Amino acid sequence: MPFGVRRTVLATLATISVALVATAVAYAGNAGFAPGEPHSPNAHRITDAYIFVSIFCGAIFLIVEGALITFMVKYRRGKRARTADGLQIHGAVRLETIWTIIPVLILAVIGAYVFYKLPGITDAPNAAAADQTEITIEGHQFYWLFRYPNGAISINRMVAPADQVVHEDVVGLDYDVNHSWWVVDLGGKVDAIAGTTNHTWFKAPQGNYVARCAELCGIQHALMDGVVHVVPRAQYDSFITQRKANGSGPRLGKEEWTGVCQSCHRLDHTYIGPALGGNPLLGDVKGLTTLLRNGQGRMPAVGKNWTDAQIKALVSYTRQFTKQGGAG
Ligand code: CUA
């Protein structure tokens, strides 16, 4: 192939590749490289930092790759003999000084910006007592358990007041493994490290926000997700009041069944654990208490810190499955 034609072919191929990649990235939008849409002041700051750092990364990528391609073309062997030496260059003090100082400055600027943003990410804003609440989040194999200030409990679905500061205590139980609480739109990951408690917060408008476990915690890690349901304060208050009043009722029981048991069990077939349909234990508070609090075989002690009321709640819902053939 003559050189001119070969160059045209190469240039065309390169242009097509770049266009394809660019289209894919543009089409992917927020599902691709960009972080989620932030809905809390701390999440906004994390996104700001992400974008700020990305600008430098993008510019450096273009400069380095551009120089690489330019030099590959400009200094290609061409018609020179394979054995011919290239240019012999010894040092370029000015250039070397420049390419040392510029990265140092870039790192200083990025560092300063991140440290400027950091307090607003970690520290919750001041708020009157009536405008804030505190929710404890426990990571378990393989579910999230939420404890509200009045003692109410929910599983995998956190209910929280809108436009108020919600303090989150992320607890790792000392007998469980590590998990990581991550509500993508409400801030960064906060690890639930066994035996410790970490803190974070959010302040979000009404809406549903997806929560994920971001730490590989065992066979059903991928199923360990939840939702943060942000509702008006009055609705939040009424939810925790009702939940507290029905702390051993089937509403909580159903959450426990779907969020805890069904992570590993089905009624009609073997899943991670054995099929449970028709098992008399599902109606037996005493037997189930022993099993949940101690675990058995490969089953972890999923209910080790459950109250009697919580176990009653589960049985009030699962009793129906002691008869073979129930759905679920
Ligand atoms: Cu819990 Cu992954």
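What you are looking at is a predicted structure, and each value in this text was computed from that prediction instead of being measured. Both ligands and their constituent atoms are indexed starting at 1 by order of listing.
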Inset, instruction - Look at the N, O or S atoms of Gln141, main chain and side chain alike, and state whether any lies under 2.8 Å from atom 1 (Cu) of ligand 1. - result: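 Under 2.8 Å: Gln141 has no N, O or S contact with atom 1 (Cu) of ligand 1.
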
Legend entry - Heavy-atom closest pair, residues Tyr271 and His265: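 Closest heavy-atom pair between Tyr271 and His265: CD2-N, 3.8 Å.
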
Inset, instruction - Mind reading off the angle at atom 2 (Cu) of ligand 1 between the ND1 atom of His221 and the SG atom of Cys213, rounded to 10°? - result: 120°

Inset, instruction - Output, in order, the C-alpha distance, side-chain angles, deciding distance and verdict of side-chain contact (heavy atoms from CB on, under 4.5 Å) for Phe146 and Val159. - result: CA-CA 9 Å; Phe146 306 107; Val159 180; over 6 Å; no

Inset, instruction - Report yes or no: does His179 have an N/O/S atom closer than 2.8 Å to atom 2 (Cu) of ligand 1? - result: no

Legend entry - Atom name in Glu215, limited to N/O/S, at shortest distance from atom 2 (Cu) of ligand 1: O

Inset, instruction - Give the ring-plane orientation class for Phe52 versus Tyr113, where under 30° counts as parallel, over 60° as perpendicular and anything between as tilted. - result: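 Geometry flag for Tyr113 against Phe52: parallel rings.
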
Inset, instruction - Using the six-membered ring wherever Trp is involved, compare the ring planes of His39 and Tyr209 and label them parallel, tilted or perpendicular (cut-offs 30° and 60°). - result: tilted

